[in-house]
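Quick notes on the structure that follows.
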Amino acid sequence: MNSDAHEHCGAWIVSMFQKFGMEVSEQRAVLKGYDGTPLMSNNITASYQPQLQQRILLCAHWDSRPWADNDPDEANHQTPVMAANDGASGVAVMLEIARLLQADSCLLPVGVDFVCFDAEDWGNDGVSDSWALGAQYWSRQLSKSNPRPNYRYGILLDMVGGQGAHFYQEGLSNYYASHVVKRVWQAASVAGFSSFFPQEDGGTITDDHLPVNETAKIPCIDIIPYYPNCKASSFGPTWHTIHDDMQHIDRSTLKAVGQTLIQVLYTER
Ligand code: AHN
Ligand code: ZN
């Protein structure tokens with residue numbers, strides 16, 4: 001964040017959603033990082049069928065962590081993360097869904113808002129509420145807005161492109177939105193991806209879906225991988241390292257998540 005590269009990336013995301021026929025808006029704010037840094041934040045929303053009241057929320061963060069502080073080599077701890085997985089992957093799946101929705105001559109009976117949250121990854125585990133600053137801001141603004149869209153539910157995508165990923169059922173998702181968890185894992189099974197979506201509990205993760213549930217009052221789940229046997233991190237071997245790059249992305253993981261979401265969206269009535 002606070003770099004020309006970040007600004008260019010945001011402009012690219014806006015232009016891609018516009019290319020796919022979505023109505024795009026930007027929600028800019030200066031948010032305060034846990035270390036006092038003023039963060040130039042921009043939540044980007046792309047709307048499919050913006051005229052419909054009944055809506056589905058799909059979301060993912062698009063910012064990248066400025067410090068690879070989980071890298072095995074301490075010399076890399078001040079190096080930014082490229083964030084192919086922890087940043088780009090969720091946006092990539094949302095862009096492909098937007099492209100497919102536009103390509104289909106058939107319209108869904110619901111609207112979809114694709115929300116790209118900023119300022120997720122400038123966090124510190126020792127400081128409460130220091131993660132997910134963009135989602136906190138978005139949720140506060142939504143809770144104050146009148147009228148507000150009627151979101152049936154939300155689905156957050158976080159690190160949905162890694163090699164060897166398995167999407168266990170996350171704890172806060174089960175606490176706030178167990179019906180959505182059931183629906184999505186069932187859809188994964190119908191679409192043929194049950195090997196990626198085990199019907200077992202994973203970790204409980206403070207992520208963008210927490211303020212969406214608690215402040216915006218939208219039942220929202222988190223599709224996030226869990227690696228029970230990975231020593232480096234339960235989020236996988238490249239998490240917050242300089243190796244979170246394209247060479248460690250698996251397109252079959254992206255496909256499993258994207259096709260599952262298509263199954264979910266196309267079974268809305
Ligand atoms: C915690 O580590 C508590 N939350 C991590 C949220 C996160 C960071 N997702 C991606 N990067
Ligand atoms: Zn991260």
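Ligands are counted one by one from 1 in listed order, and the atoms in each one are counted from 1 as well.
Of all atoms in ligand 1, numbered sequentially from 1 with element shown, those under 4.0 Å from a heavy atom of Asp125 are 1 (C), 2 (O), 3 (C). Each of the atoms 4 (N), 5 (C), 6 (C) of ligand 1 lies under 4.0 Å from some heavy atom of Thr206.
No more than 12 heavy-atom neighbours from other residues, nucleotides or ligands sit within 6.0 angstrom of OH on Tyr175. The number of heavy-atom neighbours closer than 6.0 Å to CE of Met40, taken from other residues, nucleotides and ligands shown, is 12 or below.
Neither side chain, Asn124 nor Trp131, offers a donor N or O lying under 3.5 Å from an acceptor on the other. A donor-acceptor contact closer than 3.5 angstrom is absent between the side chains of His77 and Asn70. Side-chain atoms of Tyr48 and Asp113 form no donor-acceptor pair, as typed in the model, at a separation below 3.5 Å. For the residue pair His209 and Asp207, no side-chain donor N or O sits within less than 3.5 Å of a side-chain acceptor on the partner. With hydrogens and angles left out, the side-chain atoms of Asp129 and Tyr34 include no donor and acceptor closer than 3.5 Å. No hydrogens or angles considered: a donor-acceptor pair under 3.5 Å links the side chains of Asp86 and His240.
When hydrophobic residues (I, L, V, M, F, W, Y) are linked wherever their side-chain heavy atoms come within less than 4.5 Å, the members clustered with Tyr226 are Tyr168.
Looking at Val81, Leu156, Ile224, Asp121 and measuring to atom 11 (N) of ligand 1, the nearest heavy atom belongs to Asp121.
For the ligand labelled ligand 1, residue Met159 lies inside the 4.0 Å heavy-atom shell.
When only non-hydrogen protein atoms are considered, atom 7 (C) of ligand 1 lies nearest to Glu120 OE2, 3.0 Å.
Note on the Zn ion (ligand 2): protein N/O/S atoms under 2.8 Å are Asp86 OD2, Asp121 OD1, Asp121 OD2, His240 NE2.
Among the atoms of Asp86, some N or O lies under 3.5 angstrom from an N or O of ligand 1. Among the atoms of Asp158, some N or O lies under 3.5 angstrom from an N or O of ligand 1.
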